[in-house]
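See structure below.
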Protein chains: 2
Amino acid sequence: MRAGQPVTIRDVAQRAGVSSATVSLVLNNVADSRVSAATAERVRAAASELAYAPNLVARGLRRRRTNTIAVLSDEIATTPFASRMIGAIQDVAMRNGLLVFMVNTAGDPETERSAVVAFNQQQVDGFVYACLYHRVVDLPPGLGSNVVVLDGRTRRPRFPAVVPDDRGGARAAVTELLAHGHRRIGFVNDYSATVAADLRLKGYRDALREHGVRFDKRAVRNAEPGLEPSAEAAVRLHEDAGVTALFCFNDRVAIGAYHGLRRHGLAVPRDVSVVGFDDQEFVADYADPPLTTVALPHYAMGQWAAEELIERINGGTDQPRVCEMPCELVRRGSVGPPRADGT
Amino acid sequence: MRAGQPVTIRDVAQRAGVSSATVSLVLNNVADSRVSAATAERVRAAASELAYAPNLVARGLRRRRTNTIAVLSDEIATTPFASRMIGAIQDVAMRNGLLVFMVNTAGDPETERSAVVAFNQQQVDGFVYACLYHRVVDLPPGLGSNVVVLDGRTRRPRFPAVVPDDRGGARAAVTELLAHGHRRIGFVNDYSATVAADLRLKGYRDALREHGVRFDKRAVRNAEPGLEPSAEAAVRLHEDAGVTALFCFNDRVAIGAYHGLRRHGLAVPRDVSVVGFDDQEFVADYADPPLTTVALPHYAMGQWAAEELIERINGGTDQPRVCEMPCELVRRGSVGPPRADGT
DNA sequence: CTGAAAGCGCTTACAG
DNA sequence: CTGAAAGCGCTTACAG
């Protein structure tokens, strides 16, 4: 042990007057190593006096297990969405003594490939493949079997995955509107045909059917990205299709609807009730009036993914389980009864 | 090379009919290793045929350099704010062949300490200490000298740090209001006495002074967190102090102001102009009307921090430079001239 | 009960 | 020009 050099196991061994093998056995609490209590005590004392902390790189090389995982994400780690997914993964990892690498690939297949290679070179124990929104993904090659898909699923269910129950969430949203007496309920859906768009439409229809309301395709519109298209769709649904309530693909669409309605002198929820989806922080809660919406269970999904991955790493299972996480309705101020005059 | 086992340098050596030392020299392009062109070619061919990728854990152990960095953050990685800071760090890291560990410590000193220990055991080459908002921090012990503070600074300038120029940004915001003819300009500041709050107040006063407008402390109010206190403060400033324009500590305060003003039948910007701070995505741009605000240079700050850290790791400098990143005004729709009648 | 030895997969002086 | 050897800091059978 030279000054300025890190403390190694040999320094501890020397100070305790034993071999480094013995130090390793003691500090790792190896079960069937019959080290005498006195020796063990000396070792622990020496380690603590020197503030010894094992070099994890050396350990990783030797054990062929690094206690690290990599989170690959399209944009998620650098986007305001779903940061709770990342938070959950980190919480679980920390509780389990894992360190987490994070990279965002911007969804670029080439970047994904090279990231997978790099992390495999780094000998990570497993991967979480995280998506920005619920969709079907093609996993890059080389991920091995210790991988969990987060907020997405593979075409064939060969890998474990956790996704939100979009259909159930949409059903809950529309049921809330029905429960307030609405019968003409519009749906402003996302323009691109994602899994989420498809499932939320199904949930919308489920709720209508359960309440004996006939599905009318004129009450459904798709809005391209941005506020304006959503504003436009909302106004048209109210004025042309006569809806008294709107279910929106997400909170941002709902905010677009707010803008359009306000411009037309229509108040939420007095004239039109609105429900969103996502429960996006600072969007749903900061809307005026605060938006009733369906919460995406980001934290719970991240937690599930991390725990599932750890179980696989530990050899606990290799079943490709798929988890559908329930989505709760969050009631705020954007839903009321339809106007008495029915307009 | 056994089936199913990873390819090692020995496999490549064997296939090329050379020693592993030679393989290492060739693949690392070691300058003064006079390997014959023919041998080098054989080695490269063998490596490529076997799709050899060096084990970075072994390399890290040997070289005492892991090409990894750790980002320690209070909440940032898991919060909608400032995810662009993280994105920038990752971009720079990827360009430089570094892998990045990420952890959020929730600002808890105990968690911070143990994270630092863990990452040191993992032999990371350096740290970025990232803050959620511009503040003075006490760094946890053990970070060594390869550390850069992001969006914060230490009490004494012993470490490199990058922070936004809050004062200049505030000055630009208030100057914008003055340029539109406002003379009674209120400031809704943050309740807690942070660096940001202090500097933004200074910038507010700078702008007034430059335009010969007397500072009036009745035009300044502090708002506690949440929409309501900001709404209240905005209304009081307009009705009691007679301000025609508001500079808000951040976009969320501005949204609170919007709510309060609207409830009192006041329109933005017709009755009251508003400027925010942060340019928070989906808050400033989704406000109605879209909010004129000052952008926090998150990407640029993250980039600076990562590049500075890499330079330190490479021994390029050990000066504790502090960078003040300019904050640009983003003009949207919330600023207009004061009402002609002066109310 | 404990130590000597081998080895994880690399890199780097050193010898020839 | 190239190989044998040592060593980074651990862990793990194995011998005694």
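Every value quoted in this text rests on a predicted model; they were computed, and no experiment measured them. The basis for the numbers below is simple: all heavy atoms, side chains too, and nothing from hydrogens, waters or symmetry mates. The sequence lines fix the lettering, A, B, ..., with proteins before strands; numbering per chain opens at 1.
The distance from atom CG of B/Leu56 to atom C1' of C/dT11 is 13 Å, rounded to the nearest whole Å. Taking atom CZ of A/Arg65 as the reference point, atom C1' of D/dT12 lies 17 Å away to the nearest angstrom. Between the P atom of D/dC10 and the CG atom of A/Leu27 lies a distance of 10 Å, rounded to the nearest Å. As a whole-Å value, the separation of B/Asn120 CG from D/dG9 P is 15 Å. Separating the CD atom of B/Gln14 from the P atom of D/dG3 is a distance of 13 Å, rounded to the nearest angstrom. Remark: P of C/dG9 and CD of A/Gln122 are 15 Å apart, rounded to the nearest angstrom. Atom CZ in A/Arg59 sits about 5 Å away from atom P in D/dT11, given to the nearest Å. At whole-Å resolution of the value, CD in A/Gln121 and C1' in C/dG9 are 13 Å apart.
Contact annotation: A/Thr22 does not reach the phosphate of C/dT2 (side-chain N/O to OP1 or OP2, under 4.0 Å). A close approach under 4.0 Å does not occur between any side-chain nitrogen or oxygen of B/Arg10 and OP1 or OP2 of C/dC8. Taking side-chain N and O atoms only, A/Arg64 has no distance below 4.0 Å to OP1 or OP2 of C/dC8. Contact check, A/Asn55 against D/dC8: no side-chain N or O comes under 4.0 Å of OP1 or OP2.
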Expected list for residues 132-145 of chain A: side-chain donor-acceptor pairs under 3.5 angstrom, two or more places apart:
from	atom 1	to	atom 2	distance (Å)
A/His134	ND1	A/Asp166	OD2	2.6
A/Arg135	NH2	A/Asp74	OD2	2.8
A/Asp138	OD2	A/Arg155	NH2	3.4

Under-3.5 Å N/O pairs linking protein and nucleotides 4-7 of chain D:
from	atom 1	to	atom 2	distance (Å)
D/dG7	N2	B/Arg62	NH1	3.2

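Pairing analysis of DNA chain D (Watson-Crick: purine N1 to pyrimidine N3 plus N6-O4 or O6-N4; G-U wobble: N1-O2 and O6-N3; both under 3.5 Å) yields stems of 3 or more pairs at C:1-3 with D:14-16, C:5-12 with D:5-12, C:14-16 with D:1-3.
Shown here are the salt bridge (charged side-chain N to carboxylate O under 4.0 Å, His left out) partners of A/Glu311, two or more places apart in sequence or in another chain: A/Arg321. B/Phe101 meets the ring-ring contact (aromatic ring centres under 6.0 Å, His included) test with A/Phe101, B/Phe119; sequence neighbours excluded. Checked against side-chain contact (heavy atoms from CB on, under 4.5 Å), A/Ala58 has the following partners two or more places apart in sequence or in another chain: A/Asn55, B/Leu61. The side-chain contact (heavy atoms from CB on, under 4.5 Å) check on A/Arg63 picks up A/Asn28, A/Arg59, A/Arg65, with sequence neighbours excluded. Scored by the salt bridge (charged side-chain N to carboxylate O under 4.0 Å, His left out) test, B/Glu49 finds B/Arg15 as partners (sequence neighbours excluded). Partners of B/Thr154 by side-chain hydrogen bond (donor to acceptor under 3.5 Å, both in side chains), not counting sequence neighbours: none found. Here A/Arg158 pairs with A/Arg156 under the side-chain contact (heavy atoms from CB on, under 4.5 Å) rule; sequence neighbours left out. Among residues two or more places apart in sequence or in another chain, the side-chain contact (heavy atoms from CB on, under 4.5 Å) test is passed with A/Val117 by A/Gln121.
Of the residues in residues 31-47 of chain B, none has a non-hydrogen atom less than 4.0 angstrom from any atom of DNA chain C.
Distance CG/A/Leu27 to OG1/A/Thr22: 10.5 Å, rounded to 0.5 Å. Rounding to the nearest 0.5 angstrom, the gap separating the CD1 atom in B/Ile89 from the CE atom in B/Met301 is 10.0 Å.
Under a 3.5 Å cut-off, the side chain of A/Ser73 and the backbone N or O of A/Cys131 do not form any donor-acceptor pair.
Within the nucleic acid shown, B/Val18 comes within 4.0 Å of sugar-phosphate atoms alone, with no base atom in reach, counting heavy atoms only.
When the nucleotides D/dG9, D/dT11, C/dT12 are ranked by their closest atom to the side chain of B/Leu61, D/dG9 comes out on top.
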